[in-house]
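Take a look at the structure below.
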Protein chains: 2
Amino acid sequence: MARRNTAVTDQVEPAPNDDCPLPEVLALIGDKWCIQILVELGEGPRRFTQLERAIEGVSRRMLTLNLRNLERNGLVTRTVYPTAPPSVEYAITRLAEQIRDPLEALADWARHAVPDLLTARRVYDSRT
Amino acid sequence: MARRNTAVTDQVEPAPNDDCPLPEVLALIGDKWCIQILVELGEGPRRFTQLERAIEGVSRRMLTLNLRNLERNGLVTRTVYPTAPPSVEYAITRLAEQIRDPLEALADWARHAVPDLLTARRVYDSRT
DNA sequence: CGGGATCCTCCCTGATACTG
DNA sequence: CAGTATCAGGGAGGATCCCG
């Protein structure tokens, strides 16, 4: 069991069966900060500290782990420039760019559904 | 602090700011079993035990919590038939039906991206 | 049958300190 | 600057028991 406690999500392992890959996708991009990382990198390449400042609330550790996971899955590239002090640049790949449309569709639904959702929630909560 | 340890995700609280509602959506439908529940209920109404058998791997507790969460957010309805023994039927709402298209788009991307993803992963892992 | 309540256990995560 | 290593806590989730 190599790689224990080194990745955020260890599952995925896309079961070749199952007609519904959604759980896997969610496991892939569900890591609390992945979306925000992808969104930020969508604006252009960023360095580690830039990401750390832009995302706000993320710890160094979690940022590292999420980036490693994204890199491992081919959604983000990591380029080291051997300068002094060292400089590391992250960027999204084509694979990651192609996911932006589906995610945008999901975001559209979210924006549209939030009111109904909040209403449902108030009703449910008021009935305790 | 009522409702502690009673919901799976307690956050959400859709911050009215932020132009990107994606983290909230993921918090909403990201609960490990929610997607599979919605997919299964998409086939038609189901009773608790039917869901428990269909989903496989889910514990009674988590199934209950996920269903409660979905119900609270207006994505699932819960109907109790006071028969003996009691019978409870779950079904998806219109709000939940409307999310199926975005999710399907995401699933399409997933199916298309899996090969690249696995390749990237093998390359990354082989470089240790 | 359909859960609620309780206990208990990992492991995820944050904080801190150290390194090339 | 860009991380890794280590420690500690807290919460998610499983197992179990019980009840209407």
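Just so we're on the same page: letters track the sequence lines, and every chain starts at 1.
Not counting sequence neighbours, B:Glu97 has no partner by the salt bridge (charged side-chain N to carboxylate O under 4.0 Å, His left out) test. B:Pro86 is linked by a side-chain contact (heavy atoms from CB on, under 4.5 Å) to nothing, counting only residues two or more places apart in sequence or in another chain. Every side-chain hydrogen bond (donor to acceptor under 3.5 Å, both in side chains) that A:Asp108 has, sequence neighbours left out, goes to A:Arg111. Remark: B:Arg100 pairs with no residue by the side-chain contact (heavy atoms from CB on, under 4.5 Å) rule, at least two apart or across chains. Residues that satisfy the side-chain contact (heavy atoms from CB on, under 4.5 Å) test with A:Arg47, not counting sequence neighbours, are A:Gln50, A:Ser87. With sequence neighbours excluded, the residues satisfying side-chain contact (heavy atoms from CB on, under 4.5 Å) with B:Ala54 are B:Glu40. Partners of A:Glu52 according to the salt bridge (charged side-chain N to carboxylate O under 4.0 Å, His left out) rule, which considers only residues two or more places apart in sequence or in another chain, are A:Arg60. With sequence neighbours left out, the salt bridge (charged side-chain N to carboxylate O under 4.0 Å, His left out) criterion links A:Arg94 to no other residue.
Residue pairs meeting the salt bridge (Lys or Arg N to Asp or Glu O under 4.0 Å) criterion with at least one member in residues 74-83 of chain B: none, sequence neighbours excluded.
For DNA chain D, the neighbouring residues in residues 78-91 of chain A, judged by any heavy atom under 4.0 Å, are A:Arg78, A:Pro85, A:Pro86, A:Ser87, A:Val88, A:Tyr90. DNA chain C lies under 4.0 Å from at least one heavy atom of each of the following residues of residues 42-55 of chain B: B:Arg47, B:Phe48, B:Thr49.
Comparing the end axes of the helix from C:dC1-D:dG20 to C:dG20-D:dC1, each fitted to five base pairs by superposing C1' atoms of four pairs onto the next four, gives an inter-axis angle of 50° (nearest 10 degrees).
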